[in-house]
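Let me begin by presenting the structure, written as structure tokens, before commenting on it.
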Amino acid sequence: MARLYLYFSGTGNTKFAVETFANKLEENPNIHSIEEELDYDTLIQSADSVLIGYPIYGSDIPIIMRDFLVMHLSAFQKKTILTLATQMLFSGDGGGLACYFLKPANVKCIASMHINLPENISDIKLFKLRTVEESQKVYEKAMRKIDRYVELVQAGKPVKTGRRFYSRALGFLMQRAYFRPFHKVMQRAWTLNEETCIACGICVKNCPVSNLELKDKLVISQDQCVLCYRCVNLCPKQSIKILGRKFPTRQYFKK
Ligand SMILES: Cc1cc2nc3c(=O)[nH]c(=O)nc-3n(C[C@H](O)[C@H](O)[C@H](O)COP(=O)(O)O)c2cc1C
């Protein structure tokens, strides 16, 4: 069976989860980040089934992944779909979202999965970043969950995490209803600490949507931020914040 794995990962959690899941499920899995320049219509059409991996932002699917699904909707026609959403704590229906977006393509969603991994929002005090040891425990728990999901998929059993009515209601009422209307405002929230920035260009080079530009030794945002937090967590001087009030003092732990 030709299975294709496509993911978007802002800071590495989803990449880790998709690669771990895929390598446990089969030998030499065909995995791609949607940031790669590829002929996706052909890739998707030639696959029997497609796994879609993405992080959760405010109980929602990242706009970069939503736009990708919409752009390639016709290639997904009648495909068998698996989804894998990574999150810090809770999303309600995060795993179901890609299935809902692909519904017009008459897809068959056989598995939707949630994996909790260390939080990446390092500029928000409320979400205290875990220590390396605490993060290690979260990873170990995630590994056990991935093993369980692999067993279920191998056994051909449906996995419906985030696709039941109450999950959808919780995802919407607890977060999406408030997060979505402010999306445009949040896209403009990207802030640079001009005093500490060393204009190294790491953020510019790594932004998945080329939102950042280096001009006269200053990084400028074009207000198209997709909130992935990659730049915040890569900045060697912790000079970037997005949704938080203060610049981060610690960064996300990478495995
Ligand atoms: C803007 C933003 C919003 C987030 N919202 C949620 C959320 O609603 N629920 C949750 O459990 N985690 C939330 N998270 C945490 C991420 O989903 C989590 O850290 C994810 O694993 C990151 O994946 P990545 O490293 O592949 O980008 C949010 C992260 C960001 C950056």
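In listed order, ligands and their atoms are each counted from 1.
In this structure, H183 and F179 have perpendicular ring planes: the angle between them is above 60°, well past the 30° mark.
Here's the thing with Y229: none of its N/O atoms is less than 3.5 angstrom from an N/O atom of ligand 1. Ligand 1 has a nitrogen or oxygen under 3.5 angstrom from a nitrogen or oxygen of F90. The shortest N or O to N or O distance between K15 and ligand 1 is not below 3.5 Å. Below 3.5 Å of separation, one finds an N or O of G58 facing an N or O of ligand 1. Checking only distances, E119 never comes within under 3.5 Å of ligand 1, N or O to N or O. Taking only nitrogen or oxygen atoms, main chain and side chain alike, P55 does not reach within less than 3.5 Å of ligand 1. Here's the thing with G10: one of its N/O atoms is less than 3.5 angstrom from an N/O atom of ligand 1. Checked by distance only, ligand 1 and S91 stay at 3.5 Å or farther apart across all their nitrogen or oxygen atoms. Any N or O atom pair closer than 3.5 Å counts here, and L89 shares at least one such pair with ligand 1.
With atom 13 (C) of ligand 1 as the reference point, the heavy atom nearest to it among T14, D123, I56 is part of I56. Closest heavy-atom approach to atom 21 (O) of ligand 1 within the set V226, N120, T86, I242: this belongs to T86.
SG atoms of C99 and C109 are separated by less than 2.5 angstrom, consistent with a disulfide link.
Shown here for L73 and P104, the closest heavy-atom pair between the two residues is CD2-CB, 4.1 Å.
Under the side-chain contact (heavy atoms from CB on, under 4.5 Å) rule, S9 has a single partner from V18, T14, T86, which is T14.
Here R230 has no heavy atoms under 4.0 Å from ligand 1, in either its backbone or its side chain.
Looking at R3 and D48, no side-chain N of the basic residue comes within less than 4.0 Å of a carboxylate O on the acidic one, giving no salt bridge.
Cation-pi geometry between R130 and Y252 is not met at under 6.0 angstrom from the ring centre and within 45 degrees of the axis.
Protein heavy atom nearest atom 3 (C) of ligand 1, with residue, atom name and distance: Y57 CA, 3.4 Å.
Heavy-atom proximity to L227, at under 4.0 Å, picks out these atoms of ligand 1: 1 (C), 31 (C).
Heavy atoms of other residues, nucleotides or ligands lying less than 6.0 angstrom from CE of M186 number more than 12.
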